[in-house]
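Data block below; observations after.
All ligand and atom numbering here is 1-based and tracks the order in the structure. All values below come from the heavy atoms of this structure, side chains included, with hydrogens, waters and symmetry mates left out.
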Amino acid sequence: MTSTDIRPDLTGGLTFPPGFTFGAATAAYQIEGAVGVDGRGPSIWDTFSHTPGRTFQGHTGDVAVEHYARYRDDVALMADLGLSAYRFSVAWSRVLPEGAGRVEQRGLDFYSRLVDELLAQGVDPWLTLYHWDLPQALQDRGGWSARDTAARFADYAGTVYDALGDRVRHWSTLNEPMCSALLGHMSGQHAPGLRDAVAASRATHHLLLGHGLAARLLRDEGAESLGITLNFTPMTPATDRPADVDAARRLDGQQNRMFLEPVVHGAYPEDVVADLAAAGAPLPVRDGDLEVIATPLDWLGVNYYFESTVQVGVRPADRPTSFIGGEDVVELEPQGPTTTMGWGVSPGAFTRLLLWLHERAPGLPLVVTENGSAWDDAVSADGAVHDPERTEYLLRHLEAVTTAIDGGADVRGYFAWSLLDNYEWARGYAQRFGLVHVDYATQQRTLKDSAHVYAELLRRHRQAPEG
Ligand code: IFM
């Protein structure tokens, strides 16, 4: 089946402003494989995924979906889908195997070939410098808990910009620093797998400082379009009891406002500063840091998947909190259908989030840099992958974006997560987020029904007057 076979009503008649960017996103460790190829150094995710008990059935990104070798075919898929943009990340340890110092030209050359291929196929590259895969050599020197890592990140940003800045227009510093800081250092679900509130607080600030230093450098170098990608989870108290309301305030503080406010307003929220200090894990801010962190940006990347309802309660022993001082807060099971990740489906919360961000960051265009859902997909006897839940999720969330735009939010683009089924971190290959199905035994790619619907929507958008 080709995209033109899709019945017209499947796209729900959704329309977007002229020039709206439609893309799909991936990340290096989740798709590339080839971890020992062309001089790549180990990252914290190699170490973590190879540590027994850390990931689902011991899955690693060693092979992933072999994008390193198959990138040309994958770019051809993007062109078939009619994507106007592709968001990908660069693996720091391919470029600087020891994290700093010696540059591995073969690593840079891979991204250079990828960018050339994208441009040749009319797909605009959106490059993310850091999607969680810190070089292990830097972790050995303290990782994000160490202030020096922020400076090393800016050096790395400069190296990548020197190689690709002539062709890549859209630059993002970090993907989801909340996950790097809090899942990596507080709950230990992600690399480097620590459970240490002080390390989590230090990592938070140093990630943001690294963002600011890199943003300033890229700005000085002349980067045309600069942003950061944050992940937002709206938090609602389960009841109006003061303790539950305060629990939601605390989690909202660390999940959402602790990353947004310094980037757009140059200050950490006062309540969050107080919460972290009370937990014995103060943010290690030095004079001048917040000015650097608030380096002006051209857009804010918004990753949204689900909302959360919280209350004070006793956490199960096997579910350590991701939030500093959050040991007394539980997240309720979502109402209604859940994805295979166990996440609820709340497009209305997405609209509210975009409108809230528009209000909190006036004048800063928003780009949805990730949104998507995981389901149990399989290739059917007819050779297709029928994924009605993902299609429904996609259309309802795209509709939520249009509702936010109608309400005044300045949303400029949408990237589906993900282009391909891939390595879902600690959840391994059991979670399929792709628009394109991957058979992990053969690496065969098959467009899912949702991909055809997305392609049809994009085709209609291109053909719309001024689309
Ligand atoms: O797969 C991840 C991605 O790497 C970052 N954002 C959330 C996705 C789904 O969990």
Side-chain angles (χ1 to χ4, degrees), residues 23-33 43-46 48-49 54-56 59-61 64-65 67 86-92 126-134 172-184 187 189-192 207 227-234 255-256 259 300-308 322 331 334 338-346 349-350 353 367-377 387 389-390 393-394 397 414-438 440 450:
T26 64
Y29 189 69
Q30 293 181 273
I31 62 165
E32 286 179 0
S43 82
I44 54 174
W45 268 95
D46 295 290
F48 186 80
S49 65
R54 293 301 207 166
T55 67
F56 175 76
H59 290 181
T60 74
V65 295
H67 174 76
Y86 172 54
R87 173 175 177 260
F88 65 98
S89 78
V90 171
W92 186 340
W126 286 60
L127 185 153
T128 298
L129 285 160
Y130 185 71
H131 197 124
W132 306 354
D133 44 358
L134 187 74
S172 172
T173 54
L174 306 177
N175 177 73
E176 303 184 354
M178 177 271 168
C179 296
S180 302
L182 299 183
L183 305 189
S187 66
Q189 289 160 265
H190 280 187
L207 278 151
I228 184 173
T229 287
L230 303 179
N231 56 311
F232 297 96
T233 305
Q255 167 79 51
N256 304 314
F259 295 91
L300 174 68
V302 180
N303 290 3
Y304 170 80
Y305 289 88
F306 60 94
E307 64 176 337
S308 192
S322 304
E331 293 101 17
T338 54
T339 70
T340 54
M341 293 290 283
W343 297 346
V345 178
S346 313
F350 192 19
L353 169 67
V367 177
V368 177
T369 35
E370 282 182 31
N371 173 243
S373 57
W375 305 96
D376 273 330
D377 305 313
D387 59 344
E389 299 97 341
R390 181 175 295 95
Y393 183 101
L394 175 71
H397 285 75
Y414 177 95
F415 289 79
W417 184 269
S418 179
L419 175 71
L420 301 159
D421 287 340
N422 60 46
Y423 179 68
E424 178 53 24
W425 308 107
R427 308 287 292 268
Y429 297 98
Q431 303 295 325
R432 293 182 176 273
F433 274 94
L435 295 172
V436 178
H437 180 273
V438 179
Y440 294 120
S450 57

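Checked options N303, N231, T128, T229; the residue passing with N175 is N303 (criterion: side chain to side chain donor-acceptor pair (under 3.5 Å)).
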Dump all N/O pairs between ligand 1 and the protein below 3.5 Å as a table: atom names plus distance, one pair per row.
| unit_1 | atom_1 | unit_2 | atom_2 | d |
| --- | --- | --- | --- | --- |
| ligand 1 | 1 (O) | Q30 | NE2 | 2.9 |
| ligand 1 | 1 (O) | W417 | NE1 | 3.3 |
| ligand 1 | 1 (O) | E424 | OE1 | 2.6 |
| ligand 1 | 4 (O) | Q30 | OE1 | 2.7 |
| ligand 1 | 4 (O) | H131 | NE2 | 2.7 |
| ligand 1 | 4 (O) | W425 | NE1 | 2.8 |
| ligand 1 | 6 (N) | E176 | OE1 | 3.3 |
| ligand 1 | 6 (N) | E176 | OE2 | 2.7 |
| ligand 1 | 6 (N) | E370 | OE1 | 2.5 |
| ligand 1 | 10 (O) | E424 | OE2 | 2.6 |

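Residues forming a salt bridge (charged side-chain N to carboxylate O under 4.0 Å, His left out) with R390 (at least two apart in sequence, or on another chain): D377, D387. Every residue two or more places apart in sequence or in another chain was checked for a ring-ring contact (aromatic ring centres under 6.0 Å, His included) with H437, and none qualifies. Residues satisfying the ring-ring contact (aromatic ring centres under 6.0 Å, His included) test with Y393, not counting sequence neighbours, are H397.
T340 OG1 to R427 CZ: the interatomic distance, rounded to the nearest 0.5 Å, is 7.5 Å. Of the inter-residue distances, the one linking F232 atom CZ with E176 atom CD reads 10.0 Å to the nearest 0.5 angstrom.
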